[in-house]
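Notes to accompany the following structure.
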Amino acid sequence: MPKAKITREEALAFHLEPAPGKFEITPSVPMTTQRDLSLAYSPGVAVPCEEIAAKPETAYDYTNKGNLVAVISNGTAVLGLGNLGALGSKPVMEGKAVLFKRFADVNSIDIELDTEDPDAFCNAVRLMGPTFGGINLEDIKAPECFIIEQRLKEEMDIPVFHDDQHGTAVICAAGLINALHLSGKKIEDCRIVLNGAGAAGIACLELVKSMGAQQDNCIMCDTKGVIYQGRTEGMNQWKSAHAANTDLRTLEEAMKGADVFLGVSAKGAVTQEMVMSMAEDPVIFAMANPDPEITPEEAHEVRADAIVATGRSDYPNQVNNVLGFPYLFRGALDVHARAINDEMKIACAEALAELAREDVPDEVALAYGKNLTFGRDYIIPTPFDPRLIHRIPPAVAKAGMDTGAARRPIVDMEAYELSLKSRLDPTASILRGINARARANQARMIFAEGDDPRVLRAAVMYQRNGLGKALVVGRDDDVRAKLQAAGMGDAARELEIVNAANTRYLETYKDFLYSRLQRKGHDEKDIHRLAARDRHVFAALMLAHGHGDGLITGATRKSAHVLERMNYVFDADAEHGAVGVTALLHKGRIVLIGDTLVQEWPDEEDLATIAERSADVARHLGLEPRVAFVSFSTFGYPVSERATKMLLAPKVLDRRGVSFEYEGEMTVDVALNAQAQKAYPFSRLTGPANILVVPARHSASISTKLMQEMAGATVIGPILAGVDKSIQICSSVSTANDILNMAILAACKVG
């Protein structure tokens, strides 16, 4: 599968739009009335202040302390970029904060401290202690990172965790547990060689020793060779703690007969000769980034029995920190932990290892385009495994309770696990699944409006993200000029630019179009103009003849005009059952609204068809359809002829014998509110509706745009459904990302 390619321009645009940075802060309580203000601030706020002053532990009850982590750095070791300073590290720290939220629903704030003095750094962090439930240190160079973390652990009563050290160590330990399980070896018997005596390397060796590896069996190496007892060159107290009593002096010597190699060093540090000299069933974790010490291909070329892991996502067995730190902090925060100790880290590693040995959910297999089963190429769970959130934190929390690190033990662990399952935004998994399906399908996507920079940017992103082949309709010189002006000149040789002048199928297209339109007032000259000069019609003809798998259009013209052009080539009208369905994503919910594109004033038969098409879209998105026919009345009151068709539409579905839930007519609040539905025990809906069928296109359009502008909902669509081919029509105000999302839907044939 093609690997994603990210350009400098795309990365900058991602961080610039729709607003600078990667997150914002929103209130969790209402702030709309004077009473709200009085409760949130003065005088109401005085009550929890007094309570916390008297009983400090209640800060976890009355403030966000218990779900708030600070990501703190001074920017002295930013990724692989070196010392960029505090401000230069801010995009990375913002990204880390977003990962906390995305993977474990932990609120996080990035803090960049402009100092390289460990004393000043520690004092600043220590003084912020009352604000946070935990501290995640990031991108601080060695040896200062050791000094800072140790001091803060001693001086603070909340978890302090340097992820560059311990995050890598935990995931490495999880993989090692399973690698040794497969090779039939015990950790206490293994000879382990570690190359790279920095923060991550030292943490890895410390953790595997905590898990049972023997001091005499562990050899640590750095750029000067083996760290042995009595060595003085390039030493410090942290290296000295792992100095071995050995006559070995080089990495090459140390690798002979070794069972395990752990690398957090540099590209090419390990040779094939070294791998050949290792023991039977060698375990090789080449975790250097961006390039490993030795690639899996190189290792397997000389040792087919090797189990290999790297830090890269394009190889099996990725040692990825995001599998650890979000869930470690989630479990630690939920027991109000004083620290994250070795037992909690080992519990995390063991839980990850156990998870990898279980059957993999379908959505994970779909995301990676193959079935994953426990074995030499799958010893570590994938970051998008939906079970991580409810499997790893309980293990961490229990270890915290067992070791006395917890202030407030969890009494009902089963209830805790259930609460974790509902923490994450379900729309994230839906969108991830759509992306995964698109990536697996590798659709040839036709972008009809190649003269628009937004469309071109979307086409480039589609192809560079490995989703498939982008076919851009436009004049060759014009497309190239616009790509150059948009800073994407190099993409011109990647995209396939198509038009009437360079296709050999134009006469075929014209014959097909003439056969459809000759009795609808179009002569041969009209047909030539449409097929050769109208990009929407030309793109539709390409799709109709199988010269593409999906079509994206509508970014430059009104949707009504574009839909008219589509109907020249396809039956994309109300008469043939076409509908438009818009998806609204807001605060972890997804609701579909139809019809927002095709049918102006549908009758009860049309409304039933809209419901069926919408249910198909819902299933494509991974939802179990629950349809509500909505109006201003609920089950016959107040009486109005305007609401009658909404009452009749469910009866049409009764007659058609459909296989999804539906009910109506009802008001929107009843449809979406489970509590309100209890007033109507006869209702056939088993929960809140996720599809709203509205009386007319104008009401659908008003409601979706109102949610978008007033509530900040994410709007996807309208999704054109009920057409033989996969066509999606964008809004004329779409951004490049909006257009890309519609292309992904088209690639998945949603509709």
Does the side chain of [Y] come within less than 4.5 Å of [X]'s, by heavy atoms?
{"X": "Asn317", "Y": "Val308", "answer": "no"}
{"X": "Ser726", "Y": "Leu551", "answer": "no"}
{"X": "Ile719", "Y": "Thr582", "answer": "no"}
{"X": "Met707", "Y": "Val715", "answer": "no"}
{"X": "Ser89", "Y": "Leu84", "answer": "no"}
{"X": "Leu99", "Y": "Phe325", "answer": "yes"}
{"X": "Asn195", "Y": "Val264", "answer": "no"}
{"X": "Met93", "Y": "Glu138", "answer": "yes"}

Using 0.5 Å steps for rounding, measure from the [atom1] atom of [X] to the [atom2] atom of [Y].
{"X": "Asp616", "Y": "Arg619", "atom1": "CG", "atom2": "CZ", "answer": "6.5 Å"}
{"X": "Leu471", "Y": "Glu496", "atom1": "CG", "atom2": "CD", "answer": "5.0 Å"}
{"X": "Asp490", "Y": "Gln484", "atom1": "CG", "atom2": "CD", "answer": "8.5 Å"}
{"X": "Thr553", "Y": "Ile446", "atom1": "OG1", "atom2": "CD1", "answer": "10.5 Å"}
{"X": "Cys348", "Y": "Leu328", "atom1": "SG", "atom2": "CG", "answer": "4.0 Å"}
{"X": "Thr295", "Y": "Asp314", "atom1": "OG1", "atom2": "CG", "answer": "10.5 Å"}

Tell me yes or no: between the side chains of [X] and [Y], is some donor less than 3.5 Å from an acceptor?
{"X": "Asn289", "Y": "Arg312", "value": "no"}
{"X": "Asp163", "Y": "Asn321", "value": "yes"}
{"X": "His547", "Y": "Tyr509", "value": "yes"}
{"X": "Ser265", "Y": "Glu293", "value": "yes"}
{"X": "Asp385", "Y": "Thr382", "value": "no"}

Please check this pair: side chain of [X] against backbone of [Y], looking for a donor-acceptor N/O pair closer than 3.5 Å.
{"X": "Asn741", "Y": "Asp738", "result": "no"}
{"X": "Ser732", "Y": "Thr556", "result": "no"}
{"X": "Asn178", "Y": "Glu354", "result": "no"}
{"X": "Ser734", "Y": "Ser731", "result": "yes"}
{"X": "Arg454", "Y": "Ala555", "result": "yes"}
{"X": "Gln728", "Y": "Leu720", "result": "yes"}
{"X": "Arg613", "Y": "Val579", "result": "no"}
{"X": "Arg439", "Y": "Asn465", "result": "yes"}
{"X": "Asn690", "Y": "Pro625", "result": "no"}
{"X": "Gln463", "Y": "Lys469", "result": "no"}

Among all residues two or more places apart in sequence or in another chain, which pass the side-chain hydrogen bond (donor to acceptor under 3.5 Å, both in side chains) test with Arg330?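 side-chain hydrogen bond (donor to acceptor under 3.5 Å, both in side chains) list for Arg330, sorted by chain: Asn67, Asp334.
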Where do [X] and [Y] come nearest, in terms of heavy atoms and distance?
{"X": "Leu388", "Y": "Pro383", "value": "CD1-O, 3.6 Å"}
{"X": "Gly554", "Y": "Ile729", "value": "CA-CG2, 4.1 Å"}
{"X": "Gly175", "Y": "Phe285", "value": "C-CZ, 3.5 Å"}
{"X": "Ala104", "Y": "Ile389", "value": "CA-CD1, 3.8 Å"}
{"X": "Arg387", "Y": "Asp359", "value": "NH1-O, 2.8 Å"}
{"X": "Met461", "Y": "Leu740", "value": "CB-CD2, 4.0 Å"}

Please step through side chain to side chain contact (heavy atoms under 4.5 Å, CB included) for the pair Val498 and Met542, ending with a clear verdict. CA-CA 10 Å; Val498 290; Met542 284 182 64; 3.7 Å; yes
Determine, stepwise, if the pair Lys96 / Asp110 fulfils salt bridge (Lys or Arg N to Asp or Glu O under 4.0 Å). CA-CA 8 Å; Lys96 193 77 172 217; Asp110 64 293; over 6 Å; no
Please indicate whether [X] has more than 12 foreign heavy atoms, meaning atoms of other residues, nucleotides or ligands, lying under 6.0 Å from its [atom1].
{"X": "Asn502", "atom1": "CG", "value": "yes"}
{"X": "Lys90", "atom1": "NZ", "value": "yes"}
{"X": "Asp477", "atom1": "CG", "value": "yes"}
{"X": "Leu87", "atom1": "CG", "value": "no"}

Can you sort out the partners of Lys22 under salt bridge (charged side-chain N to carboxylate O under 4.0 Å, His left out), two or more places apart, ordered by chain and number? none
Not counting sequence neighbours, which residues clear salt bridge (charged side-chain N to carboxylate O under 4.0 Å, His left out) with Glu298? List them please.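 Glu298 satisfies salt bridge (charged side-chain N to carboxylate O under 4.0 Å, His left out) with no residue once adjacent residues are dropped.
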Run the side chain to side chain contact (heavy atoms under 4.5 Å, CB included) test on Arg357 and His181 for me, step by step, so that the C-alpha distance in whole Å, both residues' side-chain angles and the decisive distance to 0.1 Å come before the verdict. CA-CA 10 Å; Arg357 294 195 293 269; His181 175 85; 4.3 Å; yes
Give me the one residue out of Thr714, Leu585, Ile716 that meets side chain to side chain contact (heavy atoms under 4.5 Å, CB included) with Ile590. Leu585
Looking at Val473, Val455, Leu456, Asn499, which hits side chain to side chain contact (heavy atoms under 4.5 Å, CB included) with Val479? Leu456
Cut-off 3.5 Å, no hydrogens considered: what does the side-chain donor-acceptor table look like for residues 744-751, sequence neighbours left out?
none

Taking only residues at least two apart or on different chains, which pairs with a member in residues 296-316 satisfy ring-ring contact (aromatic ring centres under 6.0 Å, His included)?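 Counting only pairs at least two positions apart or across chains, no ring-ring contact (aromatic ring centres under 6.0 Å, His included) contact touches residues 296-316.
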ring-ring contact (aromatic ring centres under 6.0 Å, His included) contacts touching residues 462-482 (sequence neighbours left out): Phe447-Tyr462
Residues His545, Phe512; criterion ring-ring contact (aromatic ring centres under 6.0 Å, His included); working and verdict: CA-CA 9 Å; His545 287 79; Phe512 174 84; 5.0 Å; yes
Test salt bridge (Lys or Arg N to Asp or Glu O under 4.0 Å) applied to Arg535 and Asp451, step by step: CA-CA 10 Å; Arg535 56 199 168 177; Asp451 62 338; 2.5 Å; yes
Does a salt bridge link Arg464 with Glu494, judged by any charged N lying under 4.0 Å from a carboxylate O?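 Counted as a salt bridge, because a side-chain N and a carboxylate O are separated by less than 4.0 Å.
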Are Phe100 and Phe329 close enough that their ring centres sit under 6.0 Å apart? yes
